[in-house]
Each structure stands twice: as structure tokens, then as C-alpha cells.
Amino acid sequence: MGLRIHPSILAADFANFEREIARIPTADAVHVDVMDNHFVPNLTFGLPMVQRLQEVSALPLDVHLMIEDADRWAPDYAETGAFSVTFHAEAAADPVALARRLRAIGSRASLALKPATGVEPYLELLPEFDQVLVMTVEPGFGGQGFLEWTMPKLRRLREAVRASGLDVWLQVDGGIDERTIGIAAESGANVFVAGSSVYGREDPVEAIAALRAAAEPHAHAPAS
Ligand code: DX5
Ligand code: ZN
């Protein structure tokens with residue numbers, strides 16, 4: 001698959017999500033950040049909002065759950081019809097069982113790792129997942145600086161995905177802009193979340209095109 005750009009509505013106007021999603025028709029999906037004020041020190045919205053976004057969005061929803069007790073809550077988000085549901089490894093008691101439930105409901109199953117979480121224990125679980133999200137900032141807030149020291153983890157994942165022959169997407173989230181997207185692409189990412197660098201610009205469509213153009217020369221040959 002080619003590179004995918006998923007703008008984050010965390011950086012959009014919270015009073016006008018329907019209109020804000022309509023401003024990014026060239027995006028591949030909408031990234032939806034659910035925060036519970038426990039797993040992260042910030043609060044956004046929950047299930048009723050995601051259900052409603054699903055109804056009004058022409059784009060698939062890429063739901064990123066920054067919540068505790070993912071085992072209990074993540075399946076409800078898959079039930080909304082979300083294209084992809086990401087839960088954090090640090091917040092799930094049984095990641096494999098949860099991934100299987102998400103897939104059975106019909107969503108892509110995605111595992112997120114905070115910057116300091118090591119990747120090695122999860123490499124053997126790759127067949128259970130459709131995507132791994134390497135956080136490139138501490139989760140909780142938009143507009144933070146890209147943590148380049150997370151890149152070795154991404155390289156390790158790209159190597160493992162390639163060796164496995166599986167079609168597991170590698171997503172990065174946090175501090176992605178026209179400069180850092182090249183670094184992440186070169187390190188093996190193929191799905192890019194971008195909040196401020198899309199919604200913080202006057203023309204989000206132009207911003208998406210600029211991100212694609214900046215990533216493409218650095219992209220690895222896709223693993224599948
Ligand atoms: C951070 C969120 C991100 C956030 C990224 O916890 O998971 O999705 O929206 O925002 P930027 O692109 O501004 O760093
Ligand atoms: Zn996110």
C-alpha cells in the first residue's frame with residue numbers, strides 16, 4: 001500500500017467536527033483521539049461522539065483510544081463501525097484476546113506503544129494485528145515536538161514486518177510535519193497522523209498534499 005495521511009481532529013474545531021471532516025476530502029482516514037483523563041492527563045470525548053462521527057463522516061474513522069481498561073471498552077468503539085481501533089499496550093490486560101475481538105467485530109486491530117515502551121515483547125504478536133502505532137510524542141496533547149529517539153523502534157518493526165511477510169501497517173502519531181514525516185517514512189512508517197500540521201494550516205488539502213510530497217521520496221518499498 002502507499003502512504004496514508006490521517007489528520008487528527010484533536011487539532012480541529014471541536015464545535016464543528018462534521019464541517020472539519022468535510023475540509024479534508026483527500027485524507028485517507030480521520031484520526032479520532034479518545035482520552036479519558038486517566039490514561040492520559042487530558043479529556044476529549046467518548047463513545048456517543050464517535051458513534052455520531054461515524055454517521056457524518058465520509059472518511060473511515062481511525063480511532064485512537066488513550067484510555068485505561070481497553071479490554072472493557074475498545075470493542076464498543078469497533079461496534080460503531082470504525083475502520084480501525086487502536087488501543088495501548090500499556091492499558092490492555094490481554095492484547096491478543098482484545099485484538100481478536102476487534103477483528104471479529106470487523107475493525108482493524110491496532111496496538112499503540114508509548115515512546116518509552118519497548119517493542120521486543122510485541123514482535124511475536126504481529127500476526128494478531130493490522131497495525132502498530134509508534135507514538136512519537138507522549139500521548140495526551142497535540143502540538144508537541146517529534147521524538148526522534150523513537151525511530152529505532154520503528155526500524156525494528158519494519159524489519160520484523162518485512163521478515164514476516166505480513167501486511168501490518170506502521171503508524172506514527174505526534175509532531176508529524178513536512179520535515180519529520182520524511183524521517184518517519186525513512187524509518188519505516190507508512191501511516192501518518194497529523195494534527196497541527198493539517199488543521200493548523202489555512203488550507204488543509206494543501207497541507208495534506210505537502211505532507212505526501214515530503215514523505216514519498218523517503219518511503220521504503222511497501223512490505224506488501
Ligand atoms: C496525541 C494524539 C495525537 C495528536 C497529534 O496524544 O494522539 O493524535 O492529535 O497532534 P500533532 O500532530 O499536533 O502532534
Ligand atoms: Zn492520536
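Every number for a ligand or one of its atoms is a count from 1 in the order of the listing. Just so it is clear, the values below take in all heavy atoms, side chains as well, and ignore hydrogens, waters and symmetry mates.
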Ionic contact status for E128 with R100, cut-off 4.0 Å
yes

May I have every N or O pair linking ligand 1 to the protein at under 3.5 Å, one per line with atom names and distance?
unit_1   : atom_1 : unit_2 : atom_2 : d
ligand 1 : 6 (O)  : G140   : N      : 2.7
ligand 1 : 7 (O)  : D33    : OD1    : 3.1
ligand 1 : 7 (O)  : H64    : ND1    : 3.3
ligand 1 : 7 (O)  : D173   : OD2    : 2.8
ligand 1 : 8 (O)  : H31    : NE2    : 3.3
ligand 1 : 8 (O)  : D33    : OD1    : 3.1
ligand 1 : 8 (O)  : D33    : OD2    : 2.8
ligand 1 : 8 (O)  : D173   : OD1    : 2.7
ligand 1 : 8 (O)  : D173   : OD2    : 3.0
ligand 1 : 9 (O)  : S8     : OG     : 2.8
ligand 1 : 9 (O)  : D33    : OD2    : 3.1
ligand 1 : 12 (O) : G195   : N      : 2.8
ligand 1 : 13 (O) : G143   : N      : 2.9
ligand 1 : 13 (O) : S196   : N      : 3.1
ligand 1 : 13 (O) : S196   : OG     : 2.4
ligand 1 : 14 (O) : G175   : N      : 2.8

Using 4.0 Å as the upper bound for N to carboxylate O, is an ion pair formed by E159 and R162?
no

For A210, what residues pass the side-chain contact (heavy atoms from CB on, under 4.5 Å) criterion, not counting sequence neighbours?
E178

Of all pairs that satisfy salt bridge (charged side-chain N to carboxylate O under 4.0 Å, His left out), the ones with a partner from residues 35-54, not counting sequence neighbours:
R52-E55

Using a strict 4.0 Å threshold on nitrogen-to-oxygen distance, state whether D203 and R23 make a salt bridge.
no

Lys/Arg-Asp/Glu bridge criterion (N-O < 4.0 Å) met for D130, R103:
yes

Would you call R212 and D28 a salt bridge, taking side-chain N to carboxylate O under 4.0 Å as the test?
yes

Is the distance from the ring center of F39 to that of F87 below 6.0 Å?
no

So, at under 2.8 Å, which protein N, O or S atoms would a careful student list around the Zn ion (ligand 2)?
H31 NE2, D33 OD1, H64 ND1, D173 OD2

T86 and side-chain contact (heavy atoms from CB on, under 4.5 Å): which partner among D62, L65, V63?
D62

